[in-house]
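This report concerns only the one structure given below.
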Amino acid sequence: MNPVIIYTVASLSGLGITSAVILFFVARKFKVYEDPRIDQVEETLPAANCGGCGYAGCRNFAEACVKSESFDLLFCPVGGNDCMTKIASLLGRDAATKDPQVAVLLCNGTCENRPKTNHFDGAQTCAITTALYGGETGCHYGCHGLGDCVRVCKFDALTMDPVSGLPVVDDAKCTACGACVKECPKGLFELRKRAKADRKIYVACKNEDKGGPAKKNCSVACIGCSKCFKVCPYDAITMGNNLAYIDSDKCRLCRKCVTECPTNSIIEIGFPPRREKAEAASDIQITAKPDNNTQTIN
Amino acid sequence: MLKTFSIGGIHPPENKLSVSAAITELPIPKTVVIPLAQHLGVPSKPIVQKGDQVKVGQLIAQSNGFISANIHASVSGKVVKIEPSADSTGYKRDAIFIETEGDEWMDGIDRSATLVKEIKLDRNAIIDKIAQSGIVGLGGATFPSHVKTMVPKGKKAEYLLINGVECEPYLTADHRLMLEKTNELVVGIQILMKALDVKKAIIGIENNKPDAIAIMKEAVKNIEGIKVQALKVQYPQGGEKQLISAVLGREVPSGGLPIDIGAVVYNVGSVFAIYEAVQKNKPLVERVVTITGKQVKKPSNFKVRIGTSVLELIEQAGGLPENTGKILNGGPMMGKALAQLDVPVVKGSSGILLIPEQEAIRKEVFTCIRCTKCISVCPMGLEPYLLGIEGEKGLYDKMENDRVMDCIECGSCSYVCPAGRPLLDYIRLGKGKVGQIIRKRNTK
C-alpha cells in the first residue's frame, strides 16, 4: 500500500482522537446545566416561532415559562388554553385561561365603497405608502390594500381579496398571534373575543373625520352619529373621535346596532339570516354564511 | 475647471422652461388655507379664533417650540374655521381657513419697492426679527431660519454660503429672484453676515445660469467679503452638504451639521425673505413658486400668497393640460406627487410640476444586477442597492450600520437604476424606521 495513504490516515486518526479527548474534558468542565423541563415545554408548544407571546420564539417562551413563578403574563395565543394547561401540568402549576381571540379588520373600504382618487405605482408595501402619503383614496385612515399583513401572517390566515382590495381573515386558521396587529401601519387590525360559532359584530371603520367628510370619501364610513350607542341595551358601545366602538366583552350579539347604523359601517358575520326583517338584512354589505367561517366582504 | 462636490452626482435634463418668465404677482385668492405645520419641527399654535378679522401680516399662529416658526395671515379677511385639511400628502392636518375681504395690510409694513440699504438693527434684533417673521428655509427643507443664526457655544461660523444653485430640473424660482432682486439679496446677505458675525460670504451658482452669475458678480463687485462662485452643473449640488463640499472643499461629518465645520447655508429665497423682514418689516406671507411642465401653456414664476390653492396656480398658468399624469410639489427629482389638487401652497413649495402621462410611469422593476451605478452617483457615498435590499427585507439594524440616516433623499440612485428598482422608497422607509429605533434608544 502507498505509504502516503497510511501516513495520512494515521495522522488524521491521531488528530481526531486527541481532539476528541480534549473536547470530552472541555465539555465536562464547561457544562451548562439546562432544566430538562424546558425541552418538555418546548415540545408541547406549536413550534411556529411566531412571536405572538411576546418572546423571540418558542424556546424563549418555554424558558420563560419554566423560570417564572406564575403564568399571569405568559400565554401562547396559538396553542391556546389546551396548550397552556399541558404546560401547567408539566410544571405543576395552575394554568391561566384566556378567552380565545380572533383578528378582525376594522375597515370596509372596498373598491366599491371607497373610490380611488389617485394611483400609486411605487414599491408595493403599506409601510412605504403610509410613510409617504395618505393613500389612494380620500380616506387616509383606511386600508391601503398592499398586503403587508398577508406577508407577515405565518398561519396563512390572511388572504388578499382581489375584488374588494382588502385582506380577508380566515377565522379557522387565525391563531390571534397578533402579527398583523403589529404590522399594519394603519392600526386596522384588532384582536377580539371569539364568540360562539365565530359570530362577530364590530364597527369596521377607523375614520376619525367628522361625518360629512368621512361619508364623502367612503360610503360605509362610521360618521359618529351615536345611533348605535343609543340603541345598545348592554352599554357595549362607546363613542370617541367621531367613531363608535363595540366592546366584544360586553356585546351580547343582539344585532340591534347593525340595523340602526345609517351607513352600514357595523358588520355582522356568522349569523343566520334574519327572519322578520329580511329586507333590512339584505341591505347589509356582508353575506352571512353560518356554515362557513370565512368572512366575505363585498 | 469649475468646482463641484467630491463624489457622486448626476446631470438630468435641465428643462428650465420658465426661465424667461419674469416673476408676476398672482391675483389674491378668495380663500386661503394656512396649515399650522409648514416647517420642520413642532406645528405652531393658533392664536386667532373662528370669526376673527385679520390683516395681511398679522400673526395668526405662534411658534410652539425651539424648532418651530410663526405663521402670519397672507390675506386680510375673516377666519372662517380652524380645521384639519388635507395637505399635499393627503393626510389631514390642522389649518386656518381665511376668507379674503379686500387687501388690508398691518401697519408698519413697507410694501414699496425702494431698496433700503442701511442696516439699522443690531445682531440680536436681527435674529429676533427673523424669528418673529416666521422665516424658514425656502429651498424646501423649511428649517426655521432663526435657529441657524444661533451658533452653539464653542462653535464659530466662518463662512456664510448662499445657495443659488437650484440644481433641480425645471425649477427657476431662485434664478428669477437672483435676476430681479439682486440688490435686495446683497443687502440680505449683509444682514446675515452681521447676524452671524462672519466676514466671508460666498454665493454658489451653477454654470447653467450665466446671467445670474454675471448680475450677482456685478452687484457684489465693490463689497468686501462677498464672492460669487460659479459651479459645475451637477445634481444634487443644491444640497447643503454638497454645496459646502463644492465651494469650500470641506466635508460635513456623518451625523453632524454644517456649523461643525464653520459653515452656514441659506437659500436665496430665504435671504430675500430675511431682507424683507429686517428692512421692510414684512413677515413671510408670500413666496415665489415656479409652475411648469412640458405641456403647460404658460410656464411661469408667480409670487404667491401662502395658502393659495394649487388649482389657482394651474389655472393662471393656462389650465390643466389634458394628459397630465402626475403633479409634483417640487422638482422632478425630490418633489413628491400630490395626492389631490386642492392643496395650499406652503412655505416650502418651490414649484409645481405637471408631468405628462407617458413620462409619469415608473419603469418595470427587475432584480438588482449589481451594476453599482447607484453607488457611483450617490453624493453621500452610500450603497443604495444594499440599503434598498435591506429595506425590502426589513433589516433595519443593518441599515443603521450602513449609514442610512446620512441619505439626503436626492433620488439619484432611483434615477440611474437600470433595473427600475424603487431604491429611494425603501431607503425612506428605512430612514423612518431607523429614526424610530434611535429615538427609542435615546429615551431609554
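Sequence lines set the chain letters: A, B, ... in the order given, protein chains first and strands last, and positions in each chain run from 1.
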With a 4.5 angstrom heavy-atom cut-off, is it the side chain or the backbone of [X] that approaches chain A, or both, or neither?
| X | answer |
| --- | --- |
| B:R428 | side chain |
| B:E83 | side chain |
| B:A337 | neither |

Q: Give the C-alpha distance, both sets of side-chain angles, the deciding distance and a yes or no for side chain to side chain contact (heavy atoms under 4.5 Å, CB included) between B:L382 and B:V404.
A: CA-CA 8 Å; B:L382 305 176; B:V404 71; over 6 Å; no

(Q) Parallel, tilted or perpendicular: which one describes the rings of A:Y133 and A:H144, with boundaries at 30° and 60°? (A) tilted

**Q.** A:T125, part contacting chain B, at a heavy-atom distance under 4.5 Å
**A.** side chain

Q: Could you have a look at A:P213, A:A131, A:G134, A:G138 and say which one has the most heavy-atom pairs with chain B under 4.5 angstrom?
A: A:G134

Q: Show your working on salt bridge (charged side-chain N to carboxylate O under 4.0 Å, His left out) between B:R421 and B:E392 and close with a plain yes or no.
A: CA-CA 11 Å; B:R421 293 184 61 76; B:E392 202 173 346; 2.9 Å; yes

Q | Closest non-hydrogen atom pair, B:V80 against B:K50 | A | O-CG, 3.0 Å

**Q.** side chain to side chain contact (heavy atoms under 4.5 Å, CB included), paired with A:V168, selected from A:V150, A:T159, A:L105
**A.** A:T159

